Amino acid sequence: MRCRQPGHTPLLLLALILLFVSTDVCVAQSEPDPAGSLMADTARVTVAPPTSVIVTDHKYDNGDALELSWVPSIDDRIPGGKVVRYQVYRSVNEGEYLPIQELLPGSNFFLDESLHRDSVYSYYVTAYSRNDSAMSVATAPVSPQREWLHVDRAWLFVIALIISLAVFYFIRAARKGEDLFIRKIAGLEAVDEAIGRATEMGRPILYIPGILDMDDVQTLAAITILGRVARTVADYEIQVRMPVSRSLVMTAARETIKTAYQTAGRPDSYSDDMVQYVTDEQFGYVAAVDGIMVREKPATVFLLGAFFAESLILAETGNSINAIQIAGTARPAQLPFFIAACDFTLIGEELFAASAYLSGEPKQLGSLKGQDVGKFIAMVVIIIGVIAATLAQAWEVPFMQQVYDALTFVFSTQ
Amino acid sequence: MSTRTWELLVVAAVLIVSTIVYLGKVGGWIGGVSFSPAVSIIVIILIFLSLVWILVRTLRGSLVDRRIVFLFVGLAVVLPFFMSITQKIKISPEVQQLYDALEALPPGSKVLVSFDYDPPSAPELQPMAESFLRYCLRSDLKVIIIGLWPQGPQQADLALQIALEDPEIQSKSPQYGVDYVNLGFQAGNEFVIQRMGANIESMFPRDYFGAAYRDLPLVRNVKNFSNIDYSFNLSAGYPGTQEWVQVAVDRYGLRLGGGNTAVQAPMMYPYLNAGQLVGLLGGMNGAAEFELLTGVTGKGTKFMLSQSFAHMIVIAFVIIGNAAFFASGRRKPLEQGK
Amino acid sequence: MRREIPLLITGIVGAVFVLQYFIPHWPFSKMNAWFSDWFSIVAAFAIWLGALNLMKISLQKIAGRKEDWGYAIVIIVSFLVIVIPGFGGGQGYREAGTFFSWLYEWVYTPLSSTMFAILAFFVASASYRAFRARNLEATLLLVAAFFVMLGRVPVGDLLTGFMPTGWQLSDLAGWVMNFPQAAGQRAIMIGIALGLVSTSLRIILGIERSHLGGE
Amino acid sequence: MEHLAVWIAALLTLGIISFLYKDNAWYKLSEAIFVGISAGYWFVVLFWDNVHGKFWTGVFPPEQYDAAGNVITEAPDYMLWVGAALGILMLMRLIPKIGWISRWPLAFIVGSTSGLYLINYFSSNMMRQVQGTIMPLFGMWPTDPTTGETVFQALPTYDIVGNVVILVGVFSGLVYFFFSKEHRGVFGATAKVGIFFLMVTFGASFGYTVMSRMSLLIGRVDFLFGTWLGLIK
């Protein structure tokens, strides 16, 4: 065993031998090598050590990680080479070196996390053959650094900022009274009509906000739309039924409907019983909602929010009782059923636009314009990017290669 | 007799017949049923003829009751269980990619398998889980199991039991804690993945059976995703493959293969195309293809015949519905018939 | 004040959570983990509200002898039947062999699996009654569905066995999935991301406040 | 017990299936059991996993020893108290007079969800997917690992057509979602192409959903005729 570690050499050597012995036993247990045990081969299989071991700070963290990289042993350049594993050793504050990580042959990188930025760390890496080992030079002591900004994410920040600023800009413009055009969204035009129908028929409205909790934005969107719907409902004397599958959603929905009734000037008509918790369980909930649909025959059904398998049962049952159904979700797998079985369907982004659209307030509509800026950026980047990539790759246009690389870099998220 | 009496009689009949059959099963005097090929073909022809009858009725202007549709679906799924017909399964590229990536792993590589589903999705995902674990244990890959759904580790345990029955695996006598571990469930959805990226032990200090992480030889040295050579995620929804891609793949560069319910699978293709997923098993079909690749037929293959029949029935009903729709001059709505 | 404080909380917390993505420094580095813990704790507290509500409604039904009040008794009884061993069993409440795990395996699992399974029937009924080639859009939907349904089971290749390799139904289904389908998914994904950005901004800025009780 | 268990499971299974015929007493009974059992299940699981497992053991960590007998108990995580405080504020709803205070935790959750999702979705679904769409249509110049030379490799026609389809699909799909312009003229035609792509997507989803649902039914049939009645070989 070659040891080039300065200081504490005898002690270290002893420790290493002990460690080597103990880890070796452990390896023999965990990775029985049939060839080795059969041959009872005592010939030493010597290996070269890993070289160029470098430790660097792991960028953009809270100062708790270091990156260790090395060039694998020359006996590990081909698959099935002599190296069977690597072992990383670390010393904290110039203390003794302890094994911290075992790695497979072919490894050349290790990220050491959960470190302390007040301590200094140095490392070396040992390559093991079946019965020999060779250790690398140890690195100089280093401390992890912590940073305030995640520079790799700067471009993501810039683009998010541009879109956010666009949203701000249009909200301001709308406040100043500029006329902003928003195209008609069929599903939302129908909301009033659907509520009117329930009034005429004297039957309740059923509002289903999906089955996820308040920590899903689709549920948030559903609750904000509920605010608009409840305002209209409060003006008529219709019953709203809202079975929910999450307790937090129940709380939020009650709050929302209550305020809508207060704003409409009829706080007395509101009752907590409008919103009812059933169960967190997906199908327990569906079974109950199905029961409500079949027994109470609501005239209008809203299915807005995050839906999974239950979308089909709900939409089909609603269809079978001839209710007008307005549905919307951002989950593509559930959209075909809504499209087939419901009268109006809000597809993906339209669900998020709905509450702004229904409010009719200029500042809310302004935010939709901001969204369009985002789409415009995406479209332009895609077109330029594809042209650049194609020209660069098929016809070797260097400038285009630069454009291609730049766009790929800007839009990378790692 | 009134409808109600009839209904009660049917319920009574079902209960009596099933009691007799059950007693027969327990007593051993009723065994499995299997149709001969001739009977199978006759059954298929009968189903086909009754579909033609429905087509004629629908064309005449009245939709059949939806309960008749239900009945056909029931038959299409139940009858193939008793038929002895084999069918040829073809491997799709995304399954092949997943298998190739797995096959390229040297023995001893650590494979992280996340069980993110519950019993209702088990028919689709359990066959995948079984054949995946079987393949890993046969090829000396080390398996680390976790679950982001509370019921996931239970499903993993069931799949492991099946895999360990394999004679080739039994001859290797894999050890718990050395060749495979089940780290159990942890609440917190994608945050769990995120924290595993930094430190797996902090999220799973104890395994499913209560043993401490550091006492398990297999994972003692596994600190975070950089020590995982391959990962496979069995997903039935949220949290699932999408979250694994967004966090583990995009932020930590984990190599990930997906096993998804068929409902989830289409959403994974953009990730597959963008290289964020190594491969994809979608639904029962994906399970059957994977079984074919690994050379051990299991439930996926067994269920495929029912699957084929069920698809044919749905297609038949779409065609019937549309034939009637076009025959009736496209616009006229059809009345629900009784 | 009752209105302003929640708005302020939403705005500040929202902004902080956007920023944490760009600031690796403590305490921002910890925010994600904290939030996940907090949320699960709050959700566990909130389920008390839900459970109490379920009990209240069931008891009201029983007291008022409303329609189907008998089933309300069943709800309460089955709730207690699982909750009592769940809490009584201590930490090992769901280990194999406990009554809780028995209920899970033989009552909860079959019920939830079957609820899922009857979807198969509804799918078929919807195919028969709702999926019509009304126009070009609907036709495309059906054609894509056909390719996938046939192409993903062995029957598909049986039907197109005469076609050259690469043009059989399973290949076409693969092509549909990999290209036009993926393109549509991608457009939806990008749209959703932008919709989310704008909705979240409206909430953080306090423009959208109906979830906290309107203007 | 084994027999009883299988029978209960089978009867409940049939009870749910009987809904297909019509709403009936058997179904209502199974439904009521399901609602009660599942609400209770989550009630218990959330308590043990979150309140006990997360909060209690986090704040009062149990003593632990390593193999050598040294104490390795983790330090208590005081931040968890914030979660408990929010949870208790939530429960204030039960007291009508100060029920309004429950808006605070709600506001907290809504705020953090908005912030978190804004950035997560923006990076994975917008940035990454835009990046994924930027690709050379016809082929690449991969570096040959043995010689180090780059050679142009044209893609097969299949992939070229596919790439063009992806480009057109993503672009026109985005046009469809545009809110600030009426769908007329060239713009309207592009939006129309966009909706075609969305429909193909939904069709594929529909096909896969059929596949999925049928598999689940197959699973139940396997239980009824296999596990219960033992008729399947």
Side-chain angles (χ1 to χ4, degrees), chain A residues 60-62 146-150 153 157 163-164 167 171 213 215 217 220-221 223-224 227-228 247-248 250-252 255-256 258-260 263 276-281 283 286-287 309 312-313 316 319 330 332 336-337 340-341 348-349 351-353 355-356 363-364 367-368 370-371 374-375 378, chain C residues 18 21-26 28-30 39 42-43 46-51 53-54 57 67-68 108 111-112 114-116 118-119 122-123 125-126 129-132 138 141 145 184-185 188-203 205 207-208 210-215:
Chain A
Y60 318 131
D61 58 9
N62 189 37
R146 71 170 167 185
E147 291 83 12
W148 273 102
L149 279 181
H150 205 301
R153 291 176 178 166
F157 183 76
I163 293 170
S164 305
V167 174
I171 289 173
D213 215 331
D215 64 342
V217 187
L220 289 186
I223 295 292
T224 53
R228 316 285 172 217
S247 310
L248 285 174
M250 175 184 82
T251 315
E255 204 62 44
T256 308
K258 194 172 174 181
T259 322
T263 324
Q276 166 199 349
Y277 168 82
V278 184
T279 160
D280 269 49
E281 166 61 38
F283 287 106
V286 173
L312 170 66
I313 307 186
E316 253 290 286
N319 197 351
F337 302 102
E349 195 180 357
L351 173 71
F352 297 112
S355 90
K363 55 182 180 181
Q364 297 256 17
S367 70
L368 297 187
Q371 251 160 277
K375 264 165 277 177
Chain C
V18 173
Y21 190 77
F22 303 101
I23 306 178
H25 202 281
W26 192 91
F28 293 90
S29 56
K30 290 278 179 202
F39 186 80
V42 173
I47 200 167
W48 282 81
L49 296 174
N53 183 243
L54 179 70
I57 287 184
E67 204 195 337
D68 286 343
Y108 179 94
L111 280 169
S112 55
T114 314
M115 269 328 278
F116 230 138
I118 64 170
L119 286 166
F122 287 104
V123 164
S125 144
R129 303 183 320 140
F131 283 95
R132 296 273 183 274
L141 191 154
Q185 290 281 4
I188 296 174
M189 279 162 107
I190 295 174
I192 287 172
L194 291 167
L196 245 150
V197 168
S198 144
T199 306
S200 302
L201 275 177
R202 287 204 302 269
I203 291 173
L205 294 176
I207 293 174
E208 181 66 78
S210 44
H211 58 284
L212 291 172
E215 0 285 296

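Within every chain, numbering begins at 1; the chains are lettered A, B, ... in the order of the sequence lines, protein sequences first and strands thereafter. Since this is a predicted model, take the numbers as computed values, not measurements.
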(message) Over 60° means perpendicular and under 30° means parallel, so tell me whether Phe22(C) and Phe157(A) are parallel, tilted or perpendicular.
(response) perpendicular
(request) Below 4.5 Å from any heavy atom of chain A, which atoms of Leu201(C) appear? Answer side chain, backbone, both or neither. (result) side chain
(message) Need one label for Leu351(A): side chain, backbone, both or neither, based on atoms under 4.5 Å from any heavy atom in chain C.
(response) neither
(request) Return the set of residues passing side-chain contact (heavy atoms from CB on, under 4.5 Å) with Leu141(C) (not counting sequence neighbours), or none when no residue passes. (result) Phe131(C), Met199(D), Phe202(D)
(message) Using heavy-atom distances under 4.5 Å, tell me whether Ile313(A) contacts chain C through its side chain, its backbone, both, or neither.
(response) both
(message) Need one label for Lys258(A): side chain, backbone, both or neither, based on atoms under 4.5 Å from any heavy atom in chain C.
(response) neither
(message) Give me the atom names and distance for the closest heavy-atom approach of Gln364(A) to Ile207(C).
(response) NE2-O, 3.5 Å
(request) Could you tell me which portion of Ala378(A) (side chain, backbone, both or neither) has an atom closer than 4.5 angstrom to a non-hydrogen atom of chain C? (result) side chain
(request) Examine whether an atom of Ile192(C) lies under 4.5 Å from a heavy atom of chain A, and if so say whether it belongs to the side chain, the backbone or both; otherwise answer neither. (result) both
(message) Which atoms of Thr251(A) are under 4.5 Å from chain C, going by heavy atoms: the side chain, the backbone, both sets, or neither?
(response) side chain
(request) Write down the atom of Asn62(A), the atom of His25(C), and the distance for their closest heavy-atom approach. (result) OD1-C, 3.4 Å
(request) Heavy-atom distances under 4.5 Å only: say whether Ala51(C) touches chain A with side chain, backbone, both or neither. (result) backbone
(request) Could you check Thr199(C) against Leu220(A) for side-chain contact (heavy atoms from CB on, under 4.5 Å), going step by step and ending with a plain yes or no? (result) CA-CA 9 Å; Thr199(C) 306; Leu220(A) 289 186; 5.6 Å; no
(request) Determine the minimum heavy-atom distance between Ser367(A) and Arg202(C), stating which atoms define it. (result) OG-NH1, 2.8 Å
(message) If you apply the rule side-chain contact (heavy atoms from CB on, under 4.5 Å), what do you find for Ile57(C) with Tyr277(A), and how did you get there?
(response) CA-CA 9 Å; Ile57(C) 287 184; Tyr277(A) 168 82; over 6 Å; no
(message) List the residues meeting side-chain contact (heavy atoms from CB on, under 4.5 Å) with Tyr60(A), not counting sequence neighbours, and say none if there are none.
(response) Glu147(A), His150(A), Val151(A), Asp152(A), Pro24(C)
(request) Could you tell me which portion of Val18(C) (side chain, backbone, both or neither) has an atom closer than 4.5 angstrom to a non-hydrogen atom of chain A? (result) neither
(request) Name the member of Ile188(C), Leu119(C), Leu54(C) that forms the most heavy-atom pairs with chain A at distances under 4.5 Å. (result) Leu119(C)
(request) State whether the side chain of Arg153(A) and the backbone N or O of Tyr21(C) hold a donor-acceptor pair below 3.5 Å, judged by distance alone. (result) yes
